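The structure appears right after this line, and notes come after that.
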Number of protein chains: 2
Amino acid sequence: MVTSSTPRGGRRPGATSTRAAILAAARAAFFERSYDGATIRGIAAAAAVDPALVLHYYGSKRGLFAAAMDLPFDPGDVVAAALAAPREERGLALARAALTAWEAPGSGEVLIGLMRSAVSDEASAARLREFLTEAVLVPVAASLEGPRAMLVASLAMSHLMGVLFARHIARVGPLADASLAGLVPLLGAALQQYFDAAPEAPA
Amino acid sequence: MVTSSTPRGGRRPGATSTRAAILAAARAAFFERSYDGATIRGIAAAAAVDPALVLHYYGSKRGLFAAAMDLPFDPGDVVAAALAAPREERGLALARAALTAWEAPGSGEVLIGLMRSAVSDEASAARLREFLTEAVLVPVAASLEGPRAMLVASLAMSHLMGVLFARHIARVGPLADASLAGLVPLLGAALQQYFDAAPEAPA
DNA sequence: CGGGTGATTCAACAAGCGTAGAATTCAACA
DNA sequence: TGTTGAATTCTACGCTTGTTGAATCACCCG
């Protein structure tokens, strides 16, 4: 008698894209449940795979997290492009760039997952700190001048984080439902106000 | 032979302030580790008490959380007081009121604990949503007019949440170290800008 | 065609979690 | 001075978690 059901162990026939499937499932899990909330068993189930395979590929939960949280784009580029806009449009440009960047599937999940995880996991918090400082704070502050440049830049960044948090994590009604087109101009004006609060750095 | 060590069970002599001690320990734990991260055993240890006693008093972890997250002040009052300021100073007043309110020990911990927990716990998220809507969004939006009132109000609120997140959860350098005096004027100006973005509601 | 390498699963471990129930000791009141 | 009730602890159950080691099967190279 030929049993056509899947064997209880062993390699599957055909090409294998399992590793990528696991990574995708992990990204999704960290995105919507944070580091602590996501479980290896859950990720494995979402990828239709045994939990042990996840660890076989990525060594540990931390290793999986590190792999999943590798940004699929360079956030420094996003910020740099926005800062290249003429001075009086930088707020708008930054708002548009940031919102569209993390609204795009595959990149926004990572940043939100990082934010989510930073709440309960100190290693994630450190990584988020480093990311925000290098990719956002330093470039933005460099475009300003004066003793308050760093503070002003971090306030602008905090607003972006706040929108992210309210829209995707707390899901507060009006922000969660708002369209990008409605959001960008208002947020852009607020950011612009910060750019105007400190003198421009010399070119 | 008289054993002077603590007995293995039974009531302790003297007045009993244990219940309050447990609640304080719980607040601190939820504040710095979020709902999921905090454990009953940990809270009990911090209160120098047996874990079972925590449940004896509060029934369940959820019950303890609900008790610990009862705000020791009425946030509606904070917002209302700020909105009573003259129109051109409302941003500043709101910034000052919000920052000092959650910087004060015993009240800020609650809001931050709620934010932290909202990330991994849907019940907390719902509670945070409700809190933000009732205590901040609706009053602020009521002071404005026009179709964008609600959106503008929630953007202002998102900025407050962003500062809270960056300062106390992610602990991004410049914001975490900044003094209230340095923060308030800058944040106030950004909020004021939102108040100016929508027409004032008729008195 | 035979063997090695890698893909995949199974079963199990130890630790930590929330929670329940019985047992012990004290305080207060009749 | 009993008796009742509240405060407190001990022990233990059942569940979930990250992680491990051995076992099974398919592919590929010689």
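Given the structure is predicted, the values throughout are model-derived calculations rather than measurements. Reminder, nothing fancy here: chain letters follow the sequence lines and each chain counts from 1.
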Starting from [atom2] on [N], measure out to [atom1] on [X] and report it in whole angstrom.
X	N	atom1	atom2	result
B:L53	C:dA23	CG	P	19 Å
A:I43	D:dG18	CD1	C1'	12 Å
A:K61	D:dT19	NZ	P	8 Å
A:H56	C:dT5	NE2	C1'	10 Å
A:I22	C:dT9	CD1	C1'	12 Å
A:D50	C:dA11	CG	C1'	10 Å
A:D121	D:dG18	CG	C1'	14 Å
A:Y58	D:dT20	OH	P	17 Å

Is there a donor-acceptor pair under 3.5 Å between the side chain of [X] and the backbone N or O of [Y]?
X	Y	value
B:S34	A:S120	no
A:T100	A:A97	yes
A:Q192	A:R87	yes
B:R167	A:S158	no

Checking contacts here: which listed nucleotide ([options]) is nearest the side-chain heavy atoms of [X]?
X	options	result
B:T39	D:dA7, C:dT9, C:dG18	C:dG18
A:I40	D:dT19, C:dT19, C:dC10	D:dT19
B:L55	D:dT9, C:dT19, C:dT9	C:dT19

Stems in DNA chain C, runs of 3 or more consecutive Watson-Crick or G-U wobble pairs with both distances under 3.5 Å, sorted by first number, are C:1-30 with D:1-30
Tell me whether the OP1 or OP2 atom of D:dT8 has a side-chain N or O from B:T18 closer than 4.0 Å. yes
Distance below 4.0 Å between B:Y57 side-chain N/O and D:dA6 OP1 or OP2: no
Return yes if the base of C:dG16 and the side-chain atoms of B:R41 contain a donor-acceptor N/O pair under 3.5 Å, otherwise no. no
With nearest nucleotide decided by heavy atoms, which residue, A:G37 or A:G59, maps closer to the 5′ end of DNA chain D? A:G37
Identify each donor-acceptor pair in which a side-chain atom of residues 168-184 of chain A lies under 3.5 Å from a protein atom, sequence neighbours left out, and give them as a table.
residue : atom : partner : partner atom : Å
A:R171  : NH1  : A:H168  : O            : 3.4
A:S179  : OG   : A:G182  : N            : 3.1

dist B:Y194:OH -> B:L94:CG (nearest 0.5 Å) comes out at 13.0 Å
Interatomic distance, B:Y35 atom OH to B:R127 atom CZ [nearest 0.5 angstrom]: 12.0 Å
Quick one: label B:A38 by what it contacts on the DNA or RNA (base, sugar-phosphate, nothing), any heavy atom closer than 4.0 Å. sugar-phosphate
